[in-house]
Number of protein chains: 2
Amino acid sequence: MPRPSSSRPTDSELEILGVLWDKGAATVREVHEELSLRKPTGYTTVLKFMQIMMDKGLITRREQHRVHVYESAVPREATQSELVRDLAQRAFGGSALELAMRALESNRATPGELDKIRRLLDQAEKGRR
Amino acid sequence: MPRPSSSRPTDSELEILGVLWDKGAATVREVHEELSLRKPTGYTTVLKFMQIMMDKGLITRREQHRVHVYESAVPREATQSELVRDLAQRAFGGSALELAMRALESNRATPGELDKIRRLLDQAEKGRR
DNA sequence: GTGTGTCAACGAAGTTATTCGTAACAAAAC
DNA sequence: GTTTTGTTACGAATAACTTCGTTGACACAC
């Protein structure tokens with residue numbers, strides 16, 4: 001039986017997913033090296049997490065020339081959307097828009113980013129007509 | 001010593017904060033009643049959380065005619081901003097804008113909300129000139 | 001004053017998340 | 001062939017979060 005999708009990845013799991021999303025695929029050692037740049041982390045700690053994530057179905061692996069090569073089993077964008085939905089639910093009365101506004105408020109956007117957002121808005125407006 | 005601000009409120013704490021933000025102030029019983037509408041919750045469970053939140057400094061209370069009346073000690077908007085920053089950090093490489101865009105993507109906004117966002121954008125644009 | 005109801009305090013237990021030591025194993029180096 | 005190195009697997013310790021039963025204090029009704 002699959003886990004309920006209500007459970008989000010933990011902080012540690014998300015860090016590892018981030019590395020796998022960036023690299024596409026990686027061994028435990030590679031993930032460990034990447035994470036070590038940001039903060040002290042034990043190799044077996046990372047390994048353990050990745051084993052747990054296998055059990056949860058968050059990542060997949062294949063054996064290749066003696067080592068395991070891991071890949072994310074969940075797409076980055078979908079996971080981000082879930083996390084946003086989840087946070088909107090928990091802290092914004094369910095409104096992803098309120099969340100978006102709070103995110104925009106405290107931010108210096110580049111003109112390119114502002115354009116991107118405007119296009120999104122236009123699309124949204126078109127969508128409702 | 002105060003807790004590091006890095007620790008976000010837990011899910012349960014956030015639910016309680018939400019009620020207190022809405023009501024302004026409330027007793028344990030009132031919070032419990034509100035939460036019970038959404039899901040089964042034990043009274044002493046809520047009480048325990050609120051005692052823990054007192055210890056953490058998330059809420060304050062005053063004794064009033066035999067019962068304790070609680071209030072949030074952290075402002076709603078500031079907490080929301082922190083949570084957004086935190087999620088941006090953990091899942092969007094630190095970019096609150098990427099987060100905002102992801103939030104806007106999967107959303108049907110009302111015209112009023114779209115206007116509000118446009119005004120925010122205009123402000124942002126003015127801000128950088 | 002005894003009973004009833006409301007509430008706060010406390011302690012304990014269950015669950016999940018985090019961390020890492022130790023062992024097992026195989027390939028490569030010697 | 002023994003040692004070293006890089007890896008996976010396992011198990012356990014700790015901490016954080018969640019849940020609730022039990023107890024005791026107080027006040028109001030009778």
Side-chain angles (χ1 to χ4, degrees), chain A residues 1-20 25-36 38-71 83 86 90-91, chain B residues 1-20 25-36 38-71 83 86 90-91:
Chain A
M1 182 109 49
R3 290 175 312 135
S5 72
S6 64
S7 69
R8 38 188 199 289
T10 69
D11 287 4
S12 303
E13 288 170 348
L14 199 48
E15 280 182 312
I16 290 170
L17 283 177
V19 174
L20 292 181
T27 62
V28 174
R29 184 177 52 74
E30 289 169 328
V31 172
H32 173 241
E33 273 170 13
E34 183 64 30
L35 294 184
S36 294
R38 305 179 210 162
K39 67 170 186 188
T41 317
Y43 176 88
T44 55
T45 303
V46 177
L47 172 62
K48 182 63 162 186
F49 280 138
M50 290 175 79
Q51 284 168 350
I52 291 170
M53 290 167 80
M54 268 291 295
D55 288 348
K56 292 186 181 174
L58 283 173
I59 58 182
T60 60
R61 76 181 181 195
R62 55 182 191 280
E63 191 154 345
Q64 200 170 68
H65 192 266
R66 188 68 21 218
V67 302
H68 290 160
V69 178
Y70 292 84
E71 237 173 301
L83 288 169
D86 175 79
R90 288 185 296 115
Chain B
M1 183 111 47
R3 292 175 312 135
S5 73
S6 64
S7 68
R8 12 187 175 107
T10 69
D11 287 5
S12 303
E13 287 169 349
L14 199 49
E15 280 183 312
I16 290 169
L17 283 177
V19 175
L20 292 180
T27 63
V28 175
R29 184 176 52 74
E30 289 169 326
V31 173
H32 173 242
E33 275 169 11
E34 182 64 29
L35 294 183
S36 294
R38 305 179 210 163
K39 67 169 187 190
T41 317
Y43 174 88
T44 55
T45 303
V46 177
L47 172 62
K48 182 62 164 185
F49 280 139
M50 290 176 78
Q51 283 167 350
I52 291 171
M53 290 168 79
M54 268 292 294
D55 288 347
K56 291 186 181 175
L58 283 172
I59 59 180
T60 59
R61 77 181 179 193
R62 56 182 191 277
E63 192 154 346
Q64 199 171 67
H65 192 267
R66 188 70 20 218
V67 303
H68 289 161
V69 178
Y70 291 83
E71 235 172 302
L83 287 169
D86 176 79
R90 289 184 297 114

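Nothing here was measured: the structure is a model prediction, and the numbers come from that model. Here is the naming used below: chain letters follow the sequence lines, and residue numbers restart at 1 for every chain.
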Specify the separation, in whole Å, of atom [atom1] of [X] and atom [atom2] of [N].
X	N	atom1	atom2	value
A:L47	C:dT22	CG	P	16 Å
B:Y70	C:dC7	OH	P	12 Å
B:R90	C:dA17	CZ	C1'	14 Å
A:I52	D:dG11	CD1	C1'	12 Å
B:K48	C:dA8	NZ	C1'	11 Å
B:L35	D:dC20	CG	P	12 Å
A:M53	D:dA9	CE	C1'	18 Å
B:R8	D:dA16	CZ	P	14 Å

Practice item. Inspect the contact between B:K39 and B:E15 and indicate whether a charged nitrogen and a carboxylate oxygen are less than 4.0 angstrom apart. Key: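 Yes, this pair counts.
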
- Lys/Arg N to Asp/Glu carboxylate O, B:R8 vs B:E13, below 4.0 Å: no

Contact class for [X] vs. all strands (heavy atom < 4.0 Å): base, sugar-phosphate, or nothing?
X	value
B:T45	base
A:T44	base
A:T10	sugar-phosphate

How far apart are the closest heavy atoms of [X] and [Y], and which atoms are they?
X	Y	result
A:T41	A:S36	O-OG, 4.1 Å
B:M50	B:V28	SD-CG2, 4.0 Å
A:R61	A:Y70	NH1-OH, 3.2 Å

Does OP1 or OP2 of [N] have a side-chain N or O of [X] closer than 4.0 Å?
X	N	result
B:Q51	C:dC10	no
B:R61	C:dC7	no
B:R29	C:dC7	yes
A:K56	C:dT16	no
A:Y43	D:dT8	yes

Checking C:dA17, C:dA8, C:dT18 against the side chain of A:S12 (C-beta onward), the nearest is C:dT18

### Query
Mapping A:F49 and A:R66 to their closest nucleotides on DNA chain C, which lands nearer the 5' end?
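Here A:F49 is the residue nearer the 5' end.
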
